[in-house]
A.B. asks: 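Submitted below is the structure of interest, expressed as structure tokens.
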Amino acid sequence: WFVFGLLICLLRPRHRTNVYWLSNRMMHRACPLLGVKVRISIPQECRDLGPAVYVANHQTNWDIMVLTGAVQPGVVAVGKKSLLWLPFFGLIFWLSGNVLIDRSNRSRAIGTIGQVVDRIKHRGTSIWMFPEGTRSQGRGLLPFKAGAFHTAVQAEVPVVPIVCSSYFGQVDLNRWDNGEVLLEVMAPVCSKEHGAAGIRELSDTCREKMEAKLAELDGKLGHRPAA
């Protein structure tokens, strides 16, 4: 995966569809190697939506294989700058066109949001973010940070919630069958009606929708609610 992905990125560095090919068409296709069956639901209105900010729940490092089935062409992710130093992964993460931010420096992080907004407006790029800011690891849906919603409001694009059923502790590489995971892309939430003063309201609205959807998906699989 690294060699082929690196070749793609070197031939067309930071191309707008690199992330789609590396994640959706390559990484997600390896889910059977984990013994996980992922059922994905994407409404038609989200397939030709145009620029948007996608927000997803973040559970484990396996998200890079499980969640990426929902990645659409033209989507790039926002990650912390320290990812650049991860062997193999960091290099491809940057070359594929993703955005790195310095979360330890508030002024630089705010400046990066401005660059992301400019990229959305002028290049038609969509952004994928994890509003929880860290992996939940079985603790349910954690509180949201505001960065994704600031970005959506400033860029005047919708927020698209993406919810994956709870699977922390489900993947055991010593088993061939690690069960099923449900992944659902939800209807877009308009950001324009909230404005700069309503960012917290937009965040709360999306979180409530995602929390309800997470409970619904877990219920279909017979999972118990997170403690």
Side-chain angles (χ1 to χ4, degrees), residues 1-24 26-28 51-68 70-137 139 141-155 157 159-162 164 191 199 203 206-207:
W1 177 84
F2 172 76
V3 172
F4 186 67
L6 184 61
L7 180 61
I8 290 175
C9 292
L10 289 176
L11 289 174
R12 49 179 208 173
R14 302 187 66 76
H15 191 276
R16 69 185 303 271
T17 62
N18 280 354
V19 173
Y20 169 74
W21 281 101
L22 293 175
S23 56
N24 186 302
M26 290 174 61
M27 289 298 294
H28 182 70
V53 173
Y54 293 85
V55 294
N57 57 326
H58 191 16
Q59 299 183 58
T60 77
N61 288 336
W62 294 121
D63 284 348
I64 195 174
M65 297 175 73
V66 175
L67 289 185
T68 46
V71 173
Q72 302 297 299
V75 174
V76 300
V78 174
K80 54 188 179 181
K81 194 173 182 180
S82 59
L83 289 175
L84 185 60
W85 305 109
L86 287 178
F88 305 116
F89 177 79
L91 179 60
I92 283 194
F93 188 84
W94 181 77
L95 276 176
S96 59
N98 293 306
V99 180
L100 295 168
I101 62 173
D102 186 357
R103 292 201 315 205
S104 64
N105 187 312
R106 180 175 174 80
S107 61
R108 289 181 183 175
I110 292 174
T112 302
I113 287 178
Q115 296 174 28
V116 172
V117 169
D118 184 71
R119 187 168 174 177
I120 293 172
K121 287 185 172 181
H122 296 101
R123 295 177 58 182
T125 303
S126 292
I127 304 297
W128 180 297
M129 302 181 78
F130 293 113
E132 294 165 284
T134 189
R135 297 176 295 277
S136 61
Q137 297 184 326
R139 292 173 289 170
L141 198 63
L142 303 180
F144 281 2
K145 299 182 184 300
F149 308 99
H150 273 287
T151 301
V153 168
Q154 291 180 40
V157 296
V159 177
V160 180
I162 299 174
C164 179
S191 64
I199 288 172
S203 172
C206 290
R207 191 181 184 284

A.B. asks: Taking D63 for the side chain and Q59 for the main chain, is one N or O donor matched with an acceptor at less than 3.5 Å?
C.D. replies: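 Side chain of D63 to backbone of Q59, a donor-acceptor pair under 3.5 Å: yes, one is there.
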A.B. asks: Once you round to the nearest 0.5 Å, how far does CG of L95 lie from CG of L11?
C.D. replies: 11.0 Å
A.B. asks: Closest heavy-atom contact between S23 and T68?
C.D. replies: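 Heavy atoms of S23 and T68 come nearest at CB-CG2, 3.4 Å.
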A.B. asks: Main chain of A70, side chain of Q72: is a donor-acceptor contact present, judged purely on distance under 3.5 Å?
C.D. replies: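 Answer holds: yes.
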A.B. asks: Would a distance-only check, ignoring hydrogens and angles, find a side-chain to backbone donor-acceptor pair under 3.5 Å from W1 to L22?
C.D. replies: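 Yes; judged by distance alone, with no hydrogens or angles, the pair exists.
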A.B. asks: I need the minimum non-hydrogen distance between M65 and H28, along with the two atoms involved.
C.D. replies: O-ND1, 2.9 Å
A.B. asks: So, the side chain of S203 versus the backbone of I199: is there a donor-acceptor pair under 3.5 Å, distance only?
C.D. replies: no
A.B. asks: Indicate yes or no for a side-chain donor-acceptor contact from N57 to the backbone of L141 under 3.5 Å, with no hydrogens or angles considered.
C.D. replies: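 No; judged by distance alone, with no hydrogens or angles, the pair does not exist.
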A.B. asks: Taking atom NZ of K80 and atom CD1 of I101, what is their separation to the nearest 0.5 Å?
C.D. replies: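 The distance works out to 10.5 Å.
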A.B. asks: Is it the case that the side chain of H150 and the backbone of A146 share a donor-acceptor pair, with hydrogens and angles ignored and the cut-off at 3.5 Å?
C.D. replies: no
A.B. asks: Hey, which of V53, V153, V157, T151 is the one that makes side chain to side chain contact (heavy atoms under 4.5 Å, CB included) with V117?
C.D. replies: T151
A.B. asks: Looking at every heavy atom in both P51 and S126, which two are closest together, and how far apart are they?
C.D. replies: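 Scanning both residues, the minimum pair turns out to be CA-OG, 3.3 Å.
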A.B. asks: Using every non-hydrogen atom in the two residues, find where V55 and A148 come nearest and quote the distance to one decimal.
C.D. replies: CG1-CB, 3.7 Å
A.B. asks: Any sub-3.5 Å donor-acceptor pair from R207's side-chain atoms to P131's backbone N or O?
C.D. replies: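 Such a contact is absent between R207 side chain and P131 backbone.
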A.B. asks: Is the backbone N or O of R12 less than 3.5 Å from a side-chain atom of N18, with the two atoms forming a donor-acceptor pair by type?
C.D. replies: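 Confirmed, N18 side chain pairs with R12 backbone.
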A.B. asks: Go through the steps for V76 and I127 under the test side-chain contact (heavy atoms from CB on, under 4.5 Å), then give the verdict.
C.D. replies: CA-CA 5 Å; V76 300; I127 304 297; 3.6 Å; yes
A.B. asks: Within the structure provided, determine whether Q115 and D118 are in side-chain contact (heavy-atom separation under 4.5 Å).
C.D. replies: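 In short, these two side chains do not touch, never coming nearer than 4.5 Å.
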A.B. asks: Report yes if the side chains of W128 and V19 come closer than 4.5 Å at any heavy-atom pair, otherwise no.
C.D. replies: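 No, side chains not in contact.
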A.B. asks: If you measure from CG on L91 to CG on L83, what distance do you get to the nearest 0.5 Å?
C.D. replies: 12.5 Å
A.B. asks: Compare every heavy atom of K145 with every heavy atom of E132, then report the nearest pair and how far apart it is.
C.D. replies: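 Residues E132 and K145, closest heavy atoms: O-CE, 4.0 Å.
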A.B. asks: Between CH2 of W94 and NZ of K81, what distance do you get to the nearest 0.5 Å?
C.D. replies: 12.0 Å
A.B. asks: Begin with the C-alpha distance, continue with both residues' side-chain angles, and end with the deciding distance and a verdict on side-chain contact (heavy atoms from CB on, under 4.5 Å) for L67 and Y54.
C.D. replies: CA-CA 12 Å; L67 289 185; Y54 293 85; over 6 Å; no
A.B. asks: How are the rings of F149 and F144 set relative to one another: parallel (under 30°), tilted (30 to 60°) or perpendicular (over 60°)?
C.D. replies: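 Rings of F149 and F144: parallel, as their planes differ by under 30°.
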A.B. asks: Shortest non-hydrogen contact from R119 to R14?
C.D. replies: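 So the minimum-distance heavy-atom pair works out to NH1-NH2, 3.6 Å.
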A.B. asks: Say you draw a straight line from SG of C9 to CZ of F2; how long is it, rounded to the nearest 0.5 Å?
C.D. replies: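 One gets 9.5 Å once the value is rounded to the nearest 0.5 Å.
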A.B. asks: Could you tell me whether the side chain of N98 and the main chain of F93 form a donor-acceptor pair under 3.5 Å?
C.D. replies: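 Side chain of N98 to backbone of F93, a donor-acceptor pair under 3.5 Å: yes, one is there.
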